J.: 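I am attaching a structure below and will ask some questions about it afterwards.
Given the structure is predicted, the values throughout are model-derived calculations rather than measurements. Side chains are part of it too, since the values below use all heavy atoms of this structure and drop only hydrogens, waters and symmetry mates. First listed ligand is number 1; within each ligand, the first listed atom is number 1.
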Amino acid sequence: MSKQNAIVMVLIISAMVPQIQSVNLKAGNWGTSLETKNNETVTNLQFYFHDTLSGKNPSAIKVAEPIDKSKSFSTLFCNIMMADDPLTETSDPNSKLVGRAQGLYGSSCQEEFGLLMALSYSFVDGPYNGSSFTVVGKNSIMNPVREMAVVGGTGLFRMARGYAIAQTHWFDNSGDAIVGYNVTLVH
Ligand SMILES: *[C@@H]1O[C@H](CO)[C@@H](O)[C@H](O)[C@H]1NC(C)=O
Ligand SMILES: *[C@@H]1O[C@H](CO)[C@@H](O)[C@H](O)[C@H]1NC(C)=O
Ligand SMILES: *[C@@H]1O[C@H](CO)[C@@H](O)[C@H](O)[C@H]1NC(C)=O
């Protein structure tokens, strides 16, 4: 076969290979989605969670605590908060809003500062606008890095499974905190 014919053959064969429908997506510097060989999509998200307890406009408010005050724990065991926390692209609270974390977290541990998180993380930016995933899991807030389970999602993240790595970026005595999230989703 001549060199020219070989090139023509390669061109014909590559035109016959079905094009994988691309679902490769990108949102600013905070999100990417890549399709894998087995038709699943892997999404990586990086954002910052701002939990504000202090001041006139807190984003998380206590909604329950032990009725019997003699049952009070230094770990705040049994205190439950409702949160509607902004998620931003960088650690600066004034950086671009990419979503909100909405739901409950409460102290579920008698002997350490540990929370049960039950929140929906829904997004408003780029291709992820309108999609959400749900985190349910223990958050050992005194550990610099912790992992929580993603148990499902909606929209683009329908049927998602995955995990969230959370790292405290900043906190103060009032309980206000900025937490960095790295989330891996398969959907
Ligand atoms: C991926 O999807 C295509 C088109 O729907 C299908 O033909 C192929 O068998 C799928 N591959 C896998 C590994 O499921
Ligand atoms: C997100 O979707 C809503 C509803 O469809 C739309 O009003 C809004 O403009 C969208 N935002 C962005 C940043 O695309
Ligand atoms: C995500 O993980 C990388 C690698 O560990 C780290 O450099 C980055 O700061 C993390 N992002 C957030 C938002 O925490």
J.: Any donor-acceptor pair under 3.5 Å linking the side-chain atoms of S59 with those of D85?
T.: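 Yes, because at least one side-chain N or O of D85 sits under 3.5 Å from a partner of the opposite role on S59.
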J.: Show me, pair by pair, the donor-acceptor contacts under 3.5 angstrom made by side chains of residues 177-184, not counting sequence neighbours?
T.:
residue, atom, partner, partner atom, Å
Y181, OH, Y121, OH, 2.7
T184, OG1, N44, ND2, 3.2

J.: Got a sec, which pairs hit side chain to side chain donor-acceptor pair (under 3.5 Å) with one end in residues 147-159, sequence neighbours left out?
T.: S132-T154
J.: As an exercise, identify every atom of ligand 2 less than 4.0 angstrom from a heavy atom of V124.
T.: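 Once the distances to V124 are compared, the set is 11 (N), 12 (C), 13 (C).
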J.: Hey, does D125 come in under 3.5 Å of ligand 2, counting only N/O atoms on both sides?
T.: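 No, there is no polar N/O contact under 3.5 Å.
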J.: What's the shortest heavy-atom distance between A60 and D51, and which atoms?
T.: CB-OD1, 3.3 Å
J.: Please identify which atoms of ligand 2 are closer than 4.0 Å to at least one heavy atom of N129.
T.: 1 (C), 2 (O), 3 (C), 8 (C), 10 (C), 11 (N), 12 (C), 14 (O)
J.: Side chains of T90 and D92: is there a donor and an acceptor less than 3.5 Å apart?
T.: no
J.: Return a table of donor-acceptor pairs under 3.5 angstrom between the side chains of residues 162-171 and protein atoms on other chains or two or more places apart.
T.:
residue, atom, partner, partner atom, Å
T168, OG1, R146, NH1, 2.8
T168, OG1, R146, NH2, 3.2
H169, NE2, S91, OG, 3.4

J.: I need the single residue from T41, V150, L45 that forms a side chain to side chain contact (heavy atoms under 4.5 Å, CB included) with F157. Which is it?
T.: L45
J.: Please give the N or O to N or O pairs under 3.5 Å between ligand 3 and the protein, distances rounded to 0.1 Å.
T.:
residue, atom, partner, partner atom, Å
ligand 3, 2 (O), N182, ND2, 2.3
ligand 3, 11 (N), Q46, OE1, 3.0
ligand 3, 11 (N), N182, ND2, 3.0

